Every structure is written in structure tokens, then in C-alpha cells.
Amino acid sequence: MKVKFYSPQREYHEKKEEFNSAISKVIESGNFILGDEVSNLEESIKKYTGAKYAIGVASGTDALVIASDILGFKDGKEVITSPFTFLASASCLSKHNAKPVFVDVDEESFSLDANKIEEKITDKTVGILPIHLFSQMCNMDKIMSIAKFHNLRVLEDAAEAFGMRWKGTGSLYKHSGTVGDMGVFSFFPTKTLGAYGDAGMIVTNDDELGKLAKMFRVHGASKKYHYDYIGYNSRLDTIQAAVLSIKLKYIDNAIEKRAAVAKWYEERLSDCEYVRFPKIKGEQKGVYYVFNILAEKRDELAAYLKENEIGNSIYYPIPLHLQKCFSYLGYKEGDFPIAEKLSKEVIALPIYPEITEDEVDFVCNTIKKFYKR
Ligand SMILES: *Cc1c(COP(=O)(O)O)cnc(C)c1O
């Protein structure tokens, strides 16, 4: 049996007519840049997340770069974030000559450890950039109270966090990205809500920040050919918006299926003493964008799974403080021991709404076979 790490074709084949007709409608209309499909998607995302403003941009990375610019994460200012994340969570700061200041992650949730933030605050600190990674949100209660006390702005990297909710499903919940000053989503194809190409979004509840984000994606223009700021050319593509609107209709079901798949894995692997699972912490509703385990002999396991045609991925093999591009920050090995340890043990297994129980069985049996050799 061959199990792909990610398989968008299955969903496409299930709803082929719907996707094809939405895409050809855009082409027939000829309205490719910020067409109706983009504003429709923005309205739907506002409704789904409860955000007051939703601004579609070209990618999650662009969303981070633009939001950092707007929030003043630049010009030698310091922003506290995690080293155990995708590059874009910190490169968005360096791009504007702000300084990423790393703090280690929590061992059980892999998220930025909110208890370590305050010791890193200096008179140059202007913000906190929490990343809601893999399956859960950071401790947003703690982060928001630190931010309030020290007058810092919070940019949530919710690139992987579509559907995650702080405070669970009760009436007080807040969708990821809407707790801090600004939040960003990525619609990269593998993400929980994934396009057929690059796409991203900025959300905020703040009138001024929402207005700026809308201007910044069209070169800083307040109206056509009137430029108030030096902005960007970064718009969510109309065809991608059409695809995303269809996927958004089915997102709750897709999220439920991911949770069911995660449960299959946990049931089957719970008696395997060589693997451990991250723990969803705090009062929140997680979403399994990725299903990670911590595995003994991780690299050998990854090679064995590959030999057996099972897709897998390692997020992330090198923490950011040890990346060449951040060597100028002066960090060294041993600075963030938890992130470093996780990067040597973590491995992501195939998870998507369309994966079958037989396929999960095969993955789990293959993992157990590996440890019995
Ligand atoms: C995917 C991702 C991004 C970047 O999103 P793109 O749409 O690929 O540019 C940023 N941060 C995190 C944590 C991500 O997982």
C-alpha cells in the first residue's frame, strides 16, 4: 500500500464539477484582480472567524510581512517569538530590520512558552509574535495579559491555525488570529483550508489596522493612484478565492474528519512505547492540521516509512536560531534546548480528511514493525 503525505486530488475528484465551474466562472468574467470572489471570500471568513476585517493577500508570508510593517515591527525594535516554527514567522521581522528575540517552547504543546516571555522584554520590545503550531493555539490568556501590561502589540501567526478556537466552542470563544491585534492565515495547499496555489489573509478587529492592511496590499493606495504609504503588491488571486470559497463550505466537516483520523492514530499507537504525542493544552479547540509524534530513532523511522511508501515530513529539522540566515543574531546550539530536542524527535504522519482507516492501519503497523526489527 502506498500512503501519500498529502493528497488534494481526492477532494478535487469528489467535487470536480463544483471546482471546475467556479474556476471557469472567474475566467469567463475576466475579472482576475480583486474580483467579486475575493470580497465574497473575505465576507465568509469574517463570518466564520468573527473578525471585523479580513484582507486577502498573496500568501501567508506576505500577510506576516505586511502586518509586521503596519504594527511597527521594524527599525531595530524587538519582537518576541519562537525558534521552533517555519522561517516566515521570524523572517517577516528581519525583512523590516526588526530583531526576532527567541524564547524556548513548551515541551508538551511545542508552542511558544508564555512563561519565558517576560524575562526577554527590554525597552526595545514592541511586540509578541505567537505561532499557533500544528494542532493548537499558544496560551493566549497569558500572552495577552503580558502584552497589555507591557504595552506590546500581538501578531498571531495563525498560518496553520484555521478553525482553532481559544476558549473552546462556548459563546466566549475567539477564533485564532482574532485574539491579538492582527492575525494571519495561510491558504498554502497543504493547510487545513488550502487553495490550489498560494494565498493568504490578514484579520483584525481594529478599524485603523484594517484600513491600513487594505491599503498596503495595493501599494499603499487610499484610492486609485493616490498613494499614502509605500505598500506592496500582494493580492489574493481571484481564482484561488473561488476555490477557497468552495472549500470553506465544507470546512467544519473536514476539521471533524481530521480529528477522527488523529484519534485513529492515537488508538493504534498508544501501546507503542517508542512514540509520544503532543498534548493539547489549555481551554481551546484544536485542529489537526498536522499529526505529529515524537519518535525514538526518528531519522531511521522516517527512512523506513519512505521505503514502505508512506509519506512523512519533519517540521522542523533545524530550529530558526540555528539557521544560517539568522546567524547574525548570535545564537548558538544549546540556547533553546527544548526546541532543539523536539527538532530531533518530531515526525509528521499523513493526515487529511480523505485518508482511510485502512491507510492509517498500514501506517501504524509499519511503525510498530520498525520498532520490532
Ligand atoms: C505555512 C506557514 C507560513 C507561510 O505561509 P505561506 O502561505 O506558505 O507563505 C507562515 N507561518 C507558518 C507557521 C506556516 O506554517
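Whatever order the structure lists them in is the order used to number ligands and atoms, beginning at 1. Because the structure is predicted, anything quoted here is derived from the model rather than measured. Numbers here are sequence positions counted from 1.
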contact_flag Asp198 ligand 1 heavy-atom lt 4.0 Å: no

- prompt: Is Lys191 in contact with ligand 1, taking contact as a heavy-atom separation below 4.0 Å?
  reply: yes

message: Within 45 degrees of the ring normal and closer than 6.0 Å to the centroid, is that where the cationic atom of Lys15 sits relative to Tyr250?
response: yes

- prompt: Are more than 12 heavy atoms from other residues, nucleotides or ligands located less than 6.0 Å from atom CD of Glu119?
  reply: yes

task: Could you tell me whether Asn253 atom CG has more than 12 heavy atoms of other residues or ligands within 6.0 Å of it?
output: yes

query: Is it the side chain, the backbone, both or neither of Asp157 that has a heavy atom closer than 4.0 Å to ligand 1?
result: side chain

[atom] - nearest protein heavy atom and its distance:
{"atom": "atom 4 (C) of ligand 1", "result": "Thr61 OG1, 3.6 Å"}
{"atom": "atom 7 (O) of ligand 1", "result": "Ser186 OG, 2.6 Å"}
{"atom": "atom 10 (C) of ligand 1", "result": "Ala159 CB, 3.6 Å"}
{"atom": "atom 15 (O) of ligand 1", "result": "Glu160 OE2, 2.6 Å"}

message: Counting only heavy atoms, tell me which of Tyr316, Phe134, Phe86, Tyr315 gets closest to atom 3 (C) of ligand 1.
response: Phe86

- prompt: Just going by heavy-atom distances, which of Tyr289, Phe188, Phe185 is nearest to atom 8 (O) of ligand 1?
  reply: Phe188

message: I'd like to know if the side chain of Asp141 pairs up with that of Trp166 as donor and acceptor (distance under 3.5 Å, no hydrogens or angles considered).
response: yes

- prompt: How about Thr190 and Tyr289: does a side-chain donor come under 3.5 Å of a side-chain acceptor?
  reply: yes

message: At less than 4.0 angstrom from any non-hydrogen atom of Gly60, what atoms of ligand 1 do you find?
response: 5 (O), 6 (P), 7 (O), 9 (O)

Contact atoms of ligand 1, heavy-atom distance to Ile131 under 4.0 Å: 13 (C)

- prompt: Would a line drawn from the ring center of Tyr331 to the ring center of Phe336 be shorter than 6.0 Å?
  reply: yes

message: Is the ring pair Phe162/Tyr48 parallel, tilted or perpendicular, if the boundaries are 30 and 60 degrees?
response: parallel

message: Taking salt bridge (charged side-chain N to carboxylate O under 4.0 Å, His left out) as the criterion, tell me which of Lys52, Lys214, Arg217 meets it with Glu42.
response: Arg217

